[in-house]
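Here the structure is laid out as C-alpha cells; the discussion comes afterwards.
Computation of the quantities below employed the complete heavy-atom set of this structure, encompassing side-chain atoms and omitting hydrogens, waters and symmetry-equivalent molecules. Note that this is a predicted model, so its numbers are computed, not measured.
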Amino acid sequence: MGKPLSPRESGKLIAENSNDVFIDHNGVKSFAETLLDKVCKNQFSVAGWKALHELNPRASDEDAVNWVFLTDTLNFSFWAENNDHKCLVTYKGKTYSGFWAFCAAVNRALDEGIPITKASYYNSITMDQLRHVLRSDTDVSMPLMEERLRVLHESGKIMLEKFGGSYLNCVKKSEKSAIKLIQMVVENFPSYKDEGTFQGKQVAFYKRVQILVADTWAVLEGKGDGCFSDISGVTMFADYRIPQALVHLGTMHYSEELMKKLQEGVMFQYGDRQEMEIRGCSIWCVELICDQVRELFRQKGETMSEEINAIHLDHYLWDYARDHREDMRAVPFHRVRCIYY
C-alpha cells in the first residue's frame, strides 16, 4: 500500500466527508478572536513548554532529549475508567494523575538511580521493574502495562541497533527537519505508526510522533539540533481531550447519534469511522483556527513575535481541557484503549 496522506491532508479529507463531526466556521472565527490577546502577550511560545510544566526537563542536553523519547514512546491511554478511582503518583509533595502521573513516576525513578530513560536499560526491563517504576499511590495501576512493556522492548532494541542507543542521534540525522524526523521515527519504530483507512484512502494521524517532534523542538528551545525550519508542518496531536475542548468552545459539534454514544460511555475501537472523524476533524479545525488567527493579525497590520502554529494551540487547548474538566462534562471525551494515543 502507498504512502498515507499527511495528518493535515488526512484532517482535511475527513472533515470534508464527515457524517457525525462538524466544524463550526463561525465558532472558529469567534475563538480565534479570543486568542489574539494571548498571542500578543506572548503566551504562545516555544519557551512556554519548560516554564508551564514543572515535570518537563529544564536542561537541553542528551539526557533531556532521551527523557522526551521515553515519555512520548509511552504517551498513550492514561484516561481513568472511573474519575473517582484513578492512578495517582505523588512526587516532591505534589500528586499527579494521567500523563503527568507517568512523568512524575519517570522522574521519581531517575531520582532513585533507575536509568529508565536509557535504551540499554528499558530494552530489557522486566515487568516487575516496570511495575515498580510506574507504581501508583492507589490500588489502580496504569493501563496497558503489557503493551507498555512490549513497546519499551521493541523501541529499546531498535534504538540500540540503529541509533547507537540515543534518540539524539536520531534527531541529528533529521538534519533540522521536523517532517524528516517524523518520517524517520514512523519508519523505524512500529508503535508510532498511527495510520488507518478512510473512504478507501490511507490516512495518518501521528499523534505520538508529532508530539515527540514538538517536544524535541521545545526541550531544545528551537535551537541547535532542534532548530526545525519546517516546524509549522506539524499539526495538533489528535487525542481525547482536544476534541472535547473544541466542542466545548463551539468550534466543532457532534451529531445526536455520536453525542448519545459518548454520553453512554461507549468504547470505540481504534479505526472506527466515528473515532477517525473525531480525530481528523480536530486536526483540520485547529489548522483553520491557526489560519484565522494569522488572518486577524494581518488585518490589524500587526506582526506576531512568534509564528502561531498548531503545537502552541494544542498545548493551550490541552491545558484548557485539564483546567476546565468539570465545565466540560456535558461533552464527554471519546474512549479508546490503544497504544497510539
(request) Flag the pair Ile114 / His132 as yes when at least one side-chain heavy-atom distance between them is below 4.5 Å, and no otherwise. (result) yes
(message) Would you say Thr95 and Thr90 are linked by a side-chain donor-acceptor pair, where the criterion is simply a distance under 3.5 Å?
(response) yes
(message) Just so I know, are the side chains of Glu195 and Lys193 near enough to count as touching, which here means a heavy-atom distance under 4.5 Å?
(response) yes
(request) Nearest 0.5 Å please: distance from the CZ atom of Arg131 over to the OG atom of Ser136. (result) 12.0 Å
(message) Does the structure place the NZ or CZ of Arg337 under 6.0 Å from the centre of the six-membered ring of Phe76, at an angle of no more than 45° from the ring's axis?
(response) no
(request) Answer yes when Arg322 and Asp319 have at least one side-chain N-carboxylate O distance shorter than 4.0 Å, and no when they do not. (result) yes
(request) Salt-bridge test for Lys94 and Glu54: reply yes if a basic N is under 4.0 Å from a carboxylate O, no otherwise. (result) yes
(request) Determine yes or no for a side-chain-to-main-chain donor-acceptor pair under 3.5 angstrom, with Asp72 supplying the side chain and Arg208 the backbone. (result) no
(message) Can a donor-acceptor pair be found, under 3.5 Å and without considering hydrogens, that links the side chain of Arg148 to the backbone of Pro143?
(response) yes
(request) Output the distance between atom OG (Ser282) and atom CD1 (Ile242), rounded to the nearest 0.5 Å. (result) 8.5 Å
(request) Before accepting this row, confirm whether a basic side-chain N of the pair Glu295/Arg298 lies closer than 4.0 Å to the acidic partner's carboxylate O. (result) yes
(request) Verify, without hydrogens or angle tests, whether Gln210 (side chain) and Thr235 (backbone) share a donor-acceptor contact under 3.5 angstrom. (result) yes
(message) In the structure I gave you, are the side-chain heavy atoms of Asn66 and Lys118 within less than 4.5 Å of one another anywhere?
(response) no
(message) Please check: side-chain N/O of Glu275 versus main-chain N/O of Gly271, any donor-acceptor pairing under 3.5 Å?
(response) yes
(message) Taking the basic N atoms (NZ, or NE/NH1/NH2) and the acidic carboxylate oxygens, is any pair closer than 4.0 Å for Arg135 and Glu112?
(response) yes
(request) Would you check if Ile23 and Leu288 make a side-chain contact, meaning some heavy-atom pair closer than 4.5 Å? (result) yes
(message) Tell me whether Lys86 at atom NZ has more than 12 heavy atoms from other residues, nucleotides or ligands lying less than 6.0 Å away.
(response) yes
(request) Fit a plane to each ring of Tyr192 and Phe69, take the angle between them on a 0 to 90° scale, and name the class: parallel (under 30°), tilted (30 to 60°) or perpendicular (over 60°). (result) tilted
(request) I would like to know whether Phe189 and Tyr167 meet ring-ring contact (aromatic ring centres under 6.0 Å, His included); could you show each step before the answer? (result) CA-CA 12 Å; Phe189 297 91; Tyr167 172 57; 8.1 Å; no
(message) As an exercise, state the distance from CZ of Phe205 to OH of Tyr270, rounded to the nearest 0.5 Å.
(response) 7.0 Å
(message) Is there a side-chain contact between Arg325 and Tyr320 in this structure, where contact means two heavy atoms from C-beta onward sitting under 4.5 Å apart?
(response) no
(message) Which residue is it: Glu154, Glu147, Glu146? I am looking for the one with a salt bridge (charged side-chain N to carboxylate O under 4.0 Å, His left out) to Arg150.
(response) Glu154
(message) Taking Leu5's backbone N and O only, do any of them form a donor-acceptor pair with Ser10's side chain (distance below 3.5 Å, no angle check)?
(response) yes
(message) With a 6.0 Å cut-off on the ring centroids, do Tyr91 and Tyr96 count as close?
(response) no
(message) Between His312 and Trp217, does the ring-ring contact (aromatic ring centres under 6.0 Å, His included) criterion hold? Intermediate values first, please.
(response) CA-CA 12 Å; His312 296 322; Trp217 176 62; 5.6 Å; yes
(message) One pair to check against side chain to side chain donor-acceptor pair (under 3.5 Å): Tyr122 and Thr73. What are the steps and the verdict?
(response) CA-CA 12 Å; Tyr122 60 75; Thr73 295; 5.9 Å; no
(request) Rounded to the nearest 0.5 Å, what's the gap from CG on Leu35 to CD1 on Ile289? Could you check? (result) 7.0 Å
(request) Step by step, work out the side-chain contact (heavy atoms from CB on, under 4.5 Å) result for Phe237 and Ile283. (result) CA-CA 7 Å; Phe237 321 125; Ile283 290 172; over 6 Å; no
(message) Under the ring-ring contact (aromatic ring centres under 6.0 Å, His included) test against Phe78, which residue among Trp100, Phe333, Phe102 passes?
(response) Phe102
(message) Under a 3.5 Å cutoff, is there a donor and acceptor pairing between the side chains of Gln274 and Lys261?
(response) yes
(request) Decide yes or no for Asp111 and Lys92: does some side-chain heavy atom of the first lie under 4.5 Å from some side-chain heavy atom of the second? (result) yes
(request) Given side-chain contact (heavy atoms from CB on, under 4.5 Å), test Asp327 with His248 step by step and report yes or no. (result) CA-CA 9 Å; Asp327 301 337; His248 174 76; 4.1 Å; yes
(message) To the closest 0.5 Å, what do you measure between NZ (Lys157) and OG (Ser155)?
(response) 11.5 Å
(request) Take Lys3 and Gln202 through the side-chain contact (heavy atoms from CB on, under 4.5 Å) test and state the conclusion after the steps. (result) CA-CA 7 Å; Lys3 190 177 176 183; Gln202 278 289 97; over 6 Å; no
(request) Please state whether the rings of His334 and Tyr341 are parallel, tilted or perpendicular, taking 30° and 60° as the class boundaries. (result) tilted
(message) Could you check whether Ser166 and Glu62, counting side-chain N and O atoms only, form a donor-acceptor pair closer than 3.5 Å?
(response) yes
(request) Check the surroundings of atom CD in Glu256: do more than 12 heavy atoms from other residues, nucleotides or ligands lie under 6.0 Å from it? (result) no
(message) If the threshold is 4.0 Å, N to carboxylate O, is there a salt bridge linking Arg294 and Asp291?
(response) yes
(request) May I ask you to test the Val203-Leu13 pair for a side-chain heavy-atom distance under 4.5 Å? (result) yes
(message) Taking Asp194 first and then Arg279, would you say they form a salt bridge - that is, a charged N and a carboxylate O separated by under 4.0 Å?
(response) yes
(message) Check whether Glu277 reaches the backbone of Asp20 with its side chain - one donor and one acceptor, N or O, closer than 3.5 Å.
(response) yes
(message) For the backbone of Ala104 and the side chain of Asn107, can you confirm whether one donor and one acceptor N or O come within less than 3.5 Å of each other?
(response) no
(message) Asp239 vs Lys207, test: salt bridge (charged side-chain N to carboxylate O under 4.0 Å, His left out). Steps then yes/no.
(response) CA-CA 7 Å; Asp239 67 349; Lys207 183 262 184 180; 5.4 Å; no
(request) Evaluate the side chain to side chain donor-acceptor pair (under 3.5 Å) criterion for residues Asn188 and Lys162: first the C-alpha distance (whole Å), next the side-chain angles of each, then the deciding distance (0.1 Å), finally the verdict. (result) CA-CA 9 Å; Asn188 286 283; Lys162 294 189 176 183; 2.9 Å; yes
(message) Between His25 and Trp284, is the ring centroid distance below 6.0 Å?
(response) no
(request) Please answer whether the main-chain N or O of Ile125 pairs with a side-chain N or O of His153 as donor and acceptor at a distance below 3.5 Å. (result) yes
(request) Any chance you could measure Tyr121, atom OH, to Leu152, atom CG, to the nearest 0.5 Å? (result) 10.0 Å
(message) Between Asn56 and Trp67, is the side chain to side chain donor-acceptor pair (under 3.5 Å) condition met? List the steps.
(response) CA-CA 9 Å; Asn56 286 336; Trp67 184 96; over 6 Å; no
(message) Donor-acceptor pair, distance only, cut-off 3.5 Å: does the side chain of Asp230 make one with the backbone of Ser177?
(response) no
(request) Kindly indicate, with the supporting measurements, whether the criterion side-chain contact (heavy atoms from CB on, under 4.5 Å) is fulfilled by Leu149 and Leu130. (result) CA-CA 7 Å; Leu149 184 70; Leu130 184 59; 4.0 Å; yes
(request) Flag the pair Met184 / Ser174 as yes when at least one side-chain heavy-atom distance between them is below 4.5 Å, and no otherwise. (result) yes
(message) Looking at Glu264 and Lys260, is any side-chain nitrogen of the basic one under 4.0 Å from a carboxylate oxygen of the acidic one?
(response) yes
(message) Quick one: does any side-chain atom of Thr126 pair with a main-chain N or O of Gln129 as donor and acceptor, under 3.5 Å?
(response) yes
